[in-house]
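All chains are named by letter (A, B, ...) in the order of the sequence lines, taking the proteins before the strands, and each is independently numbered beginning at 1.
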Amino acid sequence: MPTCATLVPLGNQKECPGQGQKDRGFFIFTPEKEPEMSTRASLDPKAQEKADRLYKIRHTTAHVMAEAVLRMFPEAKIAIGPPIDNGFYYDFDLPRKLTEEDFETIEEHMRAIIQGKHPMTKEVITRNQAKARFNDQPYKLELVDAIPEHEEVSLFTVDTFTDLCRGPHVENTKDLNWKAFKLLRIAGAYWRGNSDNPMLTRIYGTAWEDPKEMREYLDHLKELEKRDHRRLGRELDLFHFEDDNPGQIFWHHNGWTIYRLLMEFVRESIGRQGYQEVHTPSVMPKSLWDRSGHWEKYQEHMFVTESEKRLFALKPMNCPGHIEIFRQGLKSYRDLPLRMAEFGSCVRNESSGALHGIMRVRGFVQDDAHIFCTEEQISSEVALFVELLKGMYKDLGFDEASIIVKFSTRPEKRVGDDATWDRAEGALAEACKQAGLEYEIAPGEGAFYGPKLEFTLVDALGREWQCGTIQVDYQLPSKERLDAGYIGEDGNRHTPVMLHRAVLGSLERFIGILLEHYGGAMPVWLAPIQAVVIPVAPAFYEGAQALAKELENEGWRVLADLGDERMNNKIRIHQAQKVPYMLVVGEQELASRTVAVRTRKNDRIDGLSVDEFKAMIDEKIQKKDVL
RNA sequence: GCCAAAGUAGCUCAGGGGUAGAGCAGCUCACUCGUAAUGAGCAGGUCGAGAGUUCGAAUCUCUCCUUUGGCUCCA
């Protein structure tokens, strides 16, 4: 089964002026290739050429679609239309609502345009000429103004449609295949990605060199659905949601087993770095949130409650609680760095449209910790954290190439003065330098109290999810806020810097990522059920049960399947349940204390002694092997 | 929250103004059965919720809820 792919270097994405800044390098599905989860590895020259061709095809197809839409709605206002992963989109301001029933008409127009074999011509003009050309296109006028002074202003024309565009494009629509594109969906998108701006109608499409490729891509998408964590959650009996309680997860035994194992893994890992673990209340008074700044900056995301005329809120973050603990007793510089961890249960009132399976929910648990330290200790603490994160991600199956690191700078909505932000951002940048960490800048994406590093992983469909993070905070511990003080070497009172950090981010989201990464076939150490003992016939049920019991007593998660089904069906069922090992036992095995091992990958090892099997999976678990 | 689509049995889906169907799963019974489905029988749904149109609504209309794909926001 082909999964995803490789990437075009990041430079390519900015070909179309005004394209949303969030668009990144794009993933290319390559039909012939056997694939892993996406990596950011660079392409070989041949693949690069193909990527460039597809880029042009998709870009030009976006223009062709724009012309088709203008044929239907001559009064439409056009915005932007870049190529993206596997396709393209174009944003329009239309006189009426569009539905998917309109696709047929648009596609017909597009096919006609492509078959017209029109050349794609480029002209370079001045800014004023451009403004005159687009005087009835307000979005284009804005884009002209946004083009930096030193860059040329160019137009591309295909057939009757001229667009402000940097290119590149195919030379002629005969380079497009009229059977190898398809409009996929309609979505609203805010002009320039800003929710204060009007919402435009975005049409997404896919385009390829030939129809076979497109077919393979569409089939591939269907395959990917099998890795969807929501589907796996149901099929493997991991968790569920209730319609009247959106964004709140009900963990079933299997799912909770993974959850518990992951928590234990976190405990062991951070324990080695000298963290202490604490637990703070879920309900905290408004007075605290007032002081922390959350009431002012974060209230819309908080569930608020009342008791005897006093307001409280369910905690959306754990930081204030940790400061409360830090404040107990007098702290000395000798106590720093103090690393305080909590499996912090957070509740956030996320907007309904943002919810997504277990990846984005309203109730979740962070593997949170706050490091109270001096300014001088920031870089060594960041370095230590990066080391911890990389090690843990590696154990969980994510190598460095699959982690995207972003440096998020000060947002508009923030607390603290600019001088302090300068220091915080500077300290974090310096720490990255010392840790040898490469990152991309995400301007304005920081937390309201400080800049952050984000460690992002990718799901089955190539969507990015922030998981780990470390954030530098001079604000919350300050005297004006929550007032965490310590006595320094000089005998005076000082304010520590607080580093907010999480490795997995939220257990929920990380499990979602893990499920999609492994397609539900969890590594043996994380599998809810590690082995099922299958007797070949009812006569061996007792022996099978005894073996399962023995393994269970020794700490493995093992079941015996004593149902009415025949052995063949049991194998099928447990394989579908992604159980790593099936132990088939009959007369021969029971007599000789051996097992016939069958793995979920269909490998078979017959005549393995029970002790050999134990040693084998013990080793796999120790080494955190997949199978 | 915004734009688009969807919601029929536990799951996947068919049907469609006269009051609901399949496969799988479930339950019961039978079968001494060696590496991806043993057979037979039974049971399962106020067709997401509410209102309206109609002699009659699961089917048409409206409102709401949830979910999916995007946008915004975020662990």
Find the distance [X]:[atom1] to [N]:[atom2] and express it as a whole number of Å.
{"X": "Arg230(A)", "N": "rG69(B)", "atom1": "CZ", "atom2": "P", "answer": "4 Å"}
{"X": "Glu242(A)", "N": "rA49(B)", "atom1": "CD", "atom2": "P", "answer": "15 Å"}
{"X": "Phe343(A)", "N": "rA75(B)", "atom1": "CZ", "atom2": "P", "answer": "19 Å"}
{"X": "Arg509(A)", "N": "rC74(B)", "atom1": "CZ", "atom2": "P", "answer": "11 Å"}
{"X": "Asp368(A)", "N": "rC74(B)", "atom1": "CG", "atom2": "P", "answer": "17 Å"}
{"X": "Glu464(A)", "N": "rG70(B)", "atom1": "CD", "atom2": "C1'", "answer": "15 Å"}
{"X": "Glu300(A)", "N": "rC73(B)", "atom1": "CD", "atom2": "C1'", "answer": "9 Å"}
{"X": "Leu238(A)", "N": "rG10(B)", "atom1": "CG", "atom2": "P", "answer": "20 Å"}

Check whether any side-chain N or O of [X] sits under 4.0 Å from OP1 or OP2 of [N], and answer yes or no.
{"X": "Gln466(A)", "N": "rC74(B)", "result": "no"}
{"X": "His574(A)", "N": "rU35(B)", "result": "no"}
{"X": "Arg566(A)", "N": "rG34(B)", "result": "no"}
{"X": "Asn569(A)", "N": "rU38(B)", "result": "yes"}
{"X": "Arg362(A)", "N": "rA75(B)", "result": "no"}
{"X": "Lys570(A)", "N": "rU35(B)", "result": "no"}
{"X": "Arg234(A)", "N": "rU12(B)", "result": "yes"}

Side chain of [X], heavy atoms from C-beta onward: which of [options] has the nearest atom to it?
{"X": "Ile571(A)", "options": "rA36(B), rA75(B), rU72(B)", "answer": "rA36(B)"}
{"X": "Leu355(A)", "options": "rU67(B), rC71(B), rG1(B)", "answer": "rU67(B)"}
{"X": "Tyr204(A)", "options": "rG70(B), rC73(B), rG34(B)", "answer": "rG70(B)"}
{"X": "Glu589(A)", "options": "rG70(B), rA75(B), rG34(B)", "answer": "rG34(B)"}
{"X": "Arg463(A)", "options": "rG69(B), rC71(B), rC74(B)", "answer": "rG69(B)"}
{"X": "Met199(A)", "options": "rG70(B), rA4(B), rC74(B)", "answer": "rG70(B)"}
{"X": "Ala187(A)", "options": "rG34(B), rG69(B), rU67(B)", "answer": "rG69(B)"}
{"X": "Ala596(A)", "options": "rU35(B), rU67(B), rA75(B)", "answer": "rU35(B)"}

Atom [atom1], compared across [N] and [M]: separation rounded to whole Å:
{"N": "rU28(B)", "M": "rU68(B)", "atom1": "C1'", "value": "39 Å"}
{"N": "rA4(B)", "M": "rC60(B)", "atom1": "C1'", "value": "22 Å"}
{"N": "rA9(B)", "M": "rA58(B)", "atom1": "P", "value": "15 Å"}
{"N": "rG26(B)", "M": "rA43(B)", "atom1": "C1'", "value": "9 Å"}
{"N": "rA22(B)", "M": "rG18(B)", "atom1": "C1'", "value": "23 Å"}
{"N": "rC2(B)", "M": "rC64(B)", "atom1": "P", "value": "9 Å"}

Close aromatic pair by centroid cut-off 6.0 Å: [X] and [Y]:
{"X": "Tyr90(A)", "Y": "Phe88(A)", "answer": "no"}
{"X": "Tyr393(A)", "Y": "Phe510(A)", "answer": "yes"}
{"X": "Tyr581(A)", "Y": "Phe613(A)", "answer": "yes"}

Quiz question: by atom type and distance under 3.5 Å, do the side chains of Ser408(A) and Glu454(A) form a donor-acceptor pair? yes
Side chains of Asp237(A) and Gln577(A) only: does a donor on one sit below 3.5 Å from an acceptor on the other?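 Side chains of Asp237(A) and Gln577(A): no pair found under 3.5 Å.
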Any donor-acceptor pair, under 3.5 Å, between the side chain of Tyr190(A) and the base of rG1(B), if you only look at N and O atoms?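 Such a pair exists between side chain and base.
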Secondary structure string for RNA chain B (Watson-Crick or G-U under 3.5 angstrom, | for other-strand pairs): (((((((..((((....[..)))).(((((.......))))).....(((((..]....))))))))))))....
Below 4.5 Å, heavy atoms only, C-beta onward: do [X] and [Y] meet side chain to side chain?
{"X": "Phe103(A)", "Y": "Lys182(A)", "result": "no"}
{"X": "Tyr89(A)", "Y": "Pro82(A)", "result": "yes"}
{"X": "Leu396(A)", "Y": "His517(A)", "result": "no"}

For Phe364(A) and rA75(B), say yes or no: do the ring centres fall under 5.5 Å of each other while the ring planes differ by less than 30°? yes
When we call it a touch if two heavy atoms are under 4.0 Å apart, what does Glu508(A) touch: a base, just sugar-phosphate, or nothing? nothing
